[in-house]
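Have a look at the structure below, then the notes.
Quick caveat: nothing in here was measured; it's all calculated off a predicted structure.
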Amino acid sequence: MERKSLSPETRKQLIIAQRNEITEYHIYSRLAQKTKDPENAETLQKIAEDELRHYHIWKKYTDREVEPSQWEISKFYWIARLFGLTFGVKLMEKAENSAKVNYAEIGQEIPEATKIGQEETEHENQLIAMIKEEKLEYIGSIVLGLNDALVEILGTLAGLTFALQNTTLVALAGIIAGISGALSMSSSEYLSHKSEGNHEGALKSAFWTGLAYIVAVVFLVVPYLVFSSPFMALIASVIDSVFVVLVYSYYISVANDQPFRKRFGEMVALSTVVGLISFGLGYLVRILFNIDI
């Protein structure tokens, strides 16, 4: 009788909701089984149970079984495994929020839907916030390493490109500057945390800072080992830097619930300004010292 009273649009939305719930149940269950941290595993299992309970509530109204999306299960499972639980889970929740399920509209026919909609946004978000990942605890160190590398090394490469106009020499200088910069930033980060009394996290902070710095350096220097034209290499390095900023800003915006456009714009603007200044300095050095290589 309940099924007959549903409008076609509401029934359609409930079936979509059912598929989302049962799909996410399988994703959370698989992640819970593979997670080594017992607290994270328990949290994920609680979310999975919530999803399954919601599925059975919707099934009561649609009176039909709905198969999960195997593609979605595989996709988000591996995203979470490769890029971290927090990123994978929050990305999945964003995808669910964009699905065509309007709980307020469904609530006009099924009052229970309003409560479930609130539970989806409040209770599950609270559980997701309980997930602990070491890499996110050192996000500040990663940001520091990336920012410094993108600004310093891109600026160095831009200046040397105009001053030397030799891809091999610029690449060599970039590699040396990159390794030195990574060691310097790691040491500074280590000493900074030690001075604050954070002896346990000092070494890990230094590691994440240095690793982020090296990753950025690799992206920036590789074009000088590929292209014969130093100016083509510089353009490619700039594109690489924007790509690194784009990917990382998106990751942070999802994992830490931070505004994407603001962070992306700030980092790109800073790198661009420094690069242009360095490029101009390189041109002046080449003219003043009459460098011709």
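- A donor-acceptor pair under 3.5 Å links the side-chain atoms of Glu109 to the main chain of Ser7, judged by distance alone.
- In this structure a side-chain-to-backbone donor-acceptor pair under 3.5 Å is present from Ser74 to Gln70.
- Ile79 contributes atom CD1, which lies 15.5 Å from atom NZ of Lys90 (distance to the nearest 0.5 angstrom).
- Across Glu189 and Ala206, no two heavy atoms sit closer than the pair CG-N, 4.0 Å.
- Looking at heavy atoms from C-beta onward, Met92 lies in side-chain contact with Tyr28 at the 4.5 angstrom threshold.
- A donor-acceptor pair under 3.5 Å is formed between the side chain of Ser241 and the backbone N or O of Val238.
- Phe87 is linked by a ring pair (Phe, Tyr, Trp, His ring centres under 6.0 Å) to Tyr251, counting only residues two or more places apart in sequence or in another chain.
- Residues Leu225 and Ala171 share a closest heavy-atom pair of CD2-CB, 3.6 Å.
- Note that CG of Leu157 is 6.5 Å distant from CG of Leu154, once rounded to the nearest 0.5 Å.
- Residue pairs meeting the side chain to side chain donor-acceptor pair (under 3.5 Å) criterion with at least one member in residues 209-218, sequence neighbours excluded: Glu152-Tyr213.
- Residues Thr10 and Tyr61 are not in side-chain contact: their nearest non-hydrogen atoms beyond the backbone lie 4.5 Å or more apart.
- Considering only heavy atoms from C-beta on, Ser228 stays 4.5 Å or farther from Thr167 through its side chain.
- Using a 4.5 Å heavy-atom threshold, the side chains of Val217 and Ile175 count as separate.
- Residues Leu211 and Phe243 share a single hydrophobic cluster, defined by chaining ILVMFWY side chains whose heavy atoms lie under 4.5 Å apart.
- Remark: Glu42 engages Lys46 in a salt bridge (charged side-chain N to carboxylate O under 4.0 Å, His left out) (not counting sequence neighbours).
- Distance check: Ile235 CD1 to Asp240 CG gives 12.0 Å after rounding to the nearest 0.5 Å.
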Hey, mind stepping through Tyr224 and Thr161 against side-chain contact (heavy atoms from CB on, under 4.5 Å) and telling me if it holds? CA-CA 10 Å; Tyr224 286 88; Thr161 295; 2.6 Å; yes
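- Cluster annotation: Trp78 and Ile73 are assigned to the same hydrophobic cluster (Ile/Leu/Val/Met/Phe/Trp/Tyr, side-chain heavy-atom contacts under 4.5 Å, transitive).
- If you chain together hydrophobic residues whose side chains sit under 4.5 Å apart, Tyr77 and Phe83 fall into the same group.
- Looking at heavy atoms from C-beta onward, Pro230 lies out of side-chain contact with Val170 at the 4.5 angstrom threshold.
- Nearest heavy-atom pair across Phe76 and Gly88 is CD2-O, 4.1 Å.
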side-chain contact (heavy atoms from CB on, under 4.5 Å) between Phe231 and Gln165, intermediate numbers included: CA-CA 8 Å; Phe231 298 105; Gln165 296 188 16; 3.8 Å; yes
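- Under the side-chain hydrogen bond (donor to acceptor under 3.5 Å, both in side chains) rule, Thr62 has a single partner from Arg11, Lys12, Gln18, which is Gln18.
- No side-chain heavy atom of Ile252 sits less than 4.5 Å from a side-chain heavy atom of Ile142.
- In this structure, Leu14 CG and Arg64 CZ are separated by 11.0 Å, a value rounded to the nearest 0.5 Å.
- Rounded to the nearest 0.5 Å, atoms CD1 (Ile47) and CD1 (Ile27) are 11.5 Å apart.
- Considering every non-hydrogen atom in both Ala212 and Leu146, the closest pair reads O-CD2, 3.6 Å.
- Within a 6.0 Å radius of CZ in Phe219, other residues, nucleotides and ligands contribute 12 heavy atoms or fewer.
- Minimum heavy-atom separation, Gly210 to Ser186: CA-OG, 3.1 Å.
- In this structure the side chain of Leu85 never reaches within 4.5 angstrom of the side chain of Asp37, judged on heavy atoms.
- The distance from atom CG of Asp50 to atom CD of Glu24, rounded to the nearest 0.5 Å, is 11.0 Å.
- Residues Trp71 and Val89 are members of separate hydrophobic clusters, defined by side-chain heavy-atom contacts under 4.5 angstrom among Ile, Leu, Val, Met, Phe, Trp and Tyr.
- Ser253 places a side-chain N or O within donor-acceptor distance of the main-chain N or O of Tyr250, the cut-off being under 3.5 Å.
- Within the 4.5 Å cutoff, the side chain of Arg19 has no heavy atoms near those of the Pro68 side chain.
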Apply side-chain contact (heavy atoms from CB on, under 4.5 Å) to Tyr55 and Glu65, showing your working. CA-CA 9 Å; Tyr55 169 81; Glu65 294 281 355; 2.6 Å; yes
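- Connection of Val242 to Leu234 is established within a shared hydrophobic cluster, with ILVMFWY side chains joined at heavy-atom distances below 4.5 Å, either directly or through further cluster members.
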